[in-house]
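See below for the structure under consideration.
Throughout, numbering of the chain's residues begins at 1 and tracks the sequence. Below, all heavy atoms of this structure are taken into account, side chains as well, without hydrogens, waters or symmetry copies. For clarity, every value in this text was computed on a predicted model and none was experimentally measured.
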Amino acid sequence: MNKTFLLLGSNLGDRSRTISGAIRLLQEIGNIIGFSSIYQTAAWGKKDQPDFLNQVIILEISLSPDELLKKIMGIEIKMGRVRANKWAERTIDIDILYFNEEIVVTEHLKIPHPQIQFRRFTLMPLNEIAPDFKHPVLNITSAQMLEGCEDRLEVKKLTVNN
């Protein structure tokens with residue numbers, strides 16, 4: 001089995017319900033073995049939009065990275081995701097942060113996610129459930145990345161860990 005870390009995000013509609021719906025659909029492709037709390041964050045990149053809710057999950061799957069990406073994109077479409085502009089508002093966004101400890105670089109997929117270390121909204125929930133997990137390229141832990149992160153957007157924990 002493969003272990004993948006996914007970041008779920010939503011800033012349109014009923015964000016909590018959307019995150020829960022994405023989790024239900026992800027459970028159809030694998031076994032969720034870890035959940036962070038849900039965090040609220042101001043939009044990153046394009047700031048004139050509603051706040052996001054974010055959560056990191058750990059999913060055990062038998063899929064390859066490419067197969068996982070196809071499944072995730074299918075879930076996003078099923079849930080109403082429209083890819084208009086970079087960093088635009090979205091009903092759901094599912095990012096692959098890590099896939100085991102592998103480094104994957106293709107035309108359509110980069111794992112580990114190339115922005116992890118720069119985004120507090122990713123590092124806070126990731127650090128909550130995997131503080132000692134080492135980034136396979138940077139060779140530092142989630143806790144170390146969070147400590148060194150220069151992103152100062154407020155990230156507010158809304159729920160306790162499931």
Side-chain angles (χ1 to χ4, degrees), residues 3-27 29-30 32-59 68-69 71-99 108-138 140-162:
K3 185 163 84 170
T4 186
F5 290 79
L6 304 176
L7 173 67
L8 312 178
S10 175
N11 77 333
L12 287 179
D14 186 337
R15 301 167 303 163
S16 293
R17 189 174 186 177
T18 299
I19 298 279
S20 296
I23 287 171
R24 280 193 300 281
L25 292 171
L26 288 164
Q27 287 172 322
I29 64 170
I32 296 176
I33 59 170
F35 293 87
S36 75
S37 301
I38 294 177
Y39 292 79
Q40 180 171 312
T41 310
W44 188 94
K46 186 175 180 274
K47 298 177 182 187
D48 60 336
Q49 57 182 307
D51 287 353
F52 274 85
L53 292 187
N54 293 292
Q55 183 174 33
V56 170
I57 66 167
I58 305 170
L59 183 68
L68 174 61
L69 179 62
K71 294 283 188 184
I72 285 172
M73 292 182 86
I75 289 169
E76 289 178 342
I77 290 168
K78 185 175 187 173
M79 296 189 73
R81 168 85 188 259
V82 177
R83 292 182 185 275
N85 301 312
K86 189 173 188 170
W87 298 320
E89 298 171 339
R90 60 206 83 160
T91 51
I92 189 68
D93 185 31
I94 305 171
D95 289 336
I96 303 170
L97 301 177
Y98 296 118
F99 192 91
H108 303 290
L109 185 60
K110 290 182 179 47
I111 303 173
H113 190 288
Q115 299 293 315
I116 292 172
Q117 67 273 24
F118 304 118
R119 297 175 171 177
R120 185 168 297 282
F121 70 86
T122 302
L123 290 170
M124 293 280 291
L126 183 61
N127 185 62
E128 179 185 339
I129 61 172
D132 298 324
F133 188 85
K134 273 198 173 175
H135 189 291
V137 174
L138 302 176
I140 58 175
T141 66
S142 300
Q144 290 169 318
M145 283 188 287
L146 179 58
E147 187 177 311
C149 183
E150 294 180 10
D151 175 13
R152 293 295 164 226
L153 279 181
E154 182 182 7
V155 179
K156 184 171 127 184
K157 186 187 286 192
L158 297 183
T159 65
V160 291
N161 195 348
N162 295 335

> Should Q115 and D95 count as side-chain neighbours, where that means a heavy-atom distance under 4.5 Å?
Replying inline: no
> Considering the options I38, L6, L97, which one meets the side-chain contact (heavy atoms from CB on, under 4.5 Å) requirement together with V56?
Replying inline: L97
> Do the non-hydrogen side-chain atoms of E76 and D93 ever get within less than 4.5 Å of each other?
Replying inline: yes
>> Restricting to non-hydrogen atoms, name the atom on S16 and the atom on L53 that form the minimum distance, rounded to 0.1 Å.
In response: OG-CD1, 3.5 Å
> Can you find a pair of side-chain heavy atoms, one from T122 and one from N54, that are under 4.5 Å apart?
Replying inline: no
> Does some side-chain heavy atom of I29 sit less than 4.5 Å from a side-chain heavy atom of L68?
Replying inline: yes
> What closest approach, in Å, do D132 and T141 show between heavy atoms, and which atom pair accounts for it?
Replying inline: O-CG2, 3.7 Å
> So, for I57 and F35, which heavy atoms are closest and what is the spacing to 0.1 Å?
Replying inline: CG2-CD2, 3.9 Å
> Less than 4.5 Å apart, any side-chain heavy atom of I75 and any of I92?
Replying inline: no
> In this structure, which one of S36, S142, S37 forms a side-chain hydrogen bond (donor to acceptor under 3.5 Å, both in side chains) with E128?
Replying inline: S37
> Any side-chain heavy atom of Q144 sitting closer than 4.5 Å to one from E147?
Replying inline: no
> Should the pair Y98 and F5 be assigned to parallel (<30°), tilted (30 to 60°) or perpendicular (>60°) ring geometry?
Replying inline: perpendicular
> Would you say R15's side chain and D51's backbone share a donor-acceptor pair under 3.5 angstrom?
Replying inline: yes
>> What I'd like to find out is whether the side chain of L123 reaches to under 4.5 Å of the side chain of D151, using heavy atoms alone.
In response: no
> Sequence neighbours excluded, which residues qualify as side-chain hydrogen bond (donor to acceptor under 3.5 Å, both in side chains) partners of Q117?
Replying inline: none
>> With rounding to the nearest 0.5 angstrom, report the CD to CG distance, Q49 to N11.
In response: 5.0 Å
> If we only count heavy atoms from C-beta on, is the L153 to R120 side-chain gap below 4.5 Å?
Replying inline: no
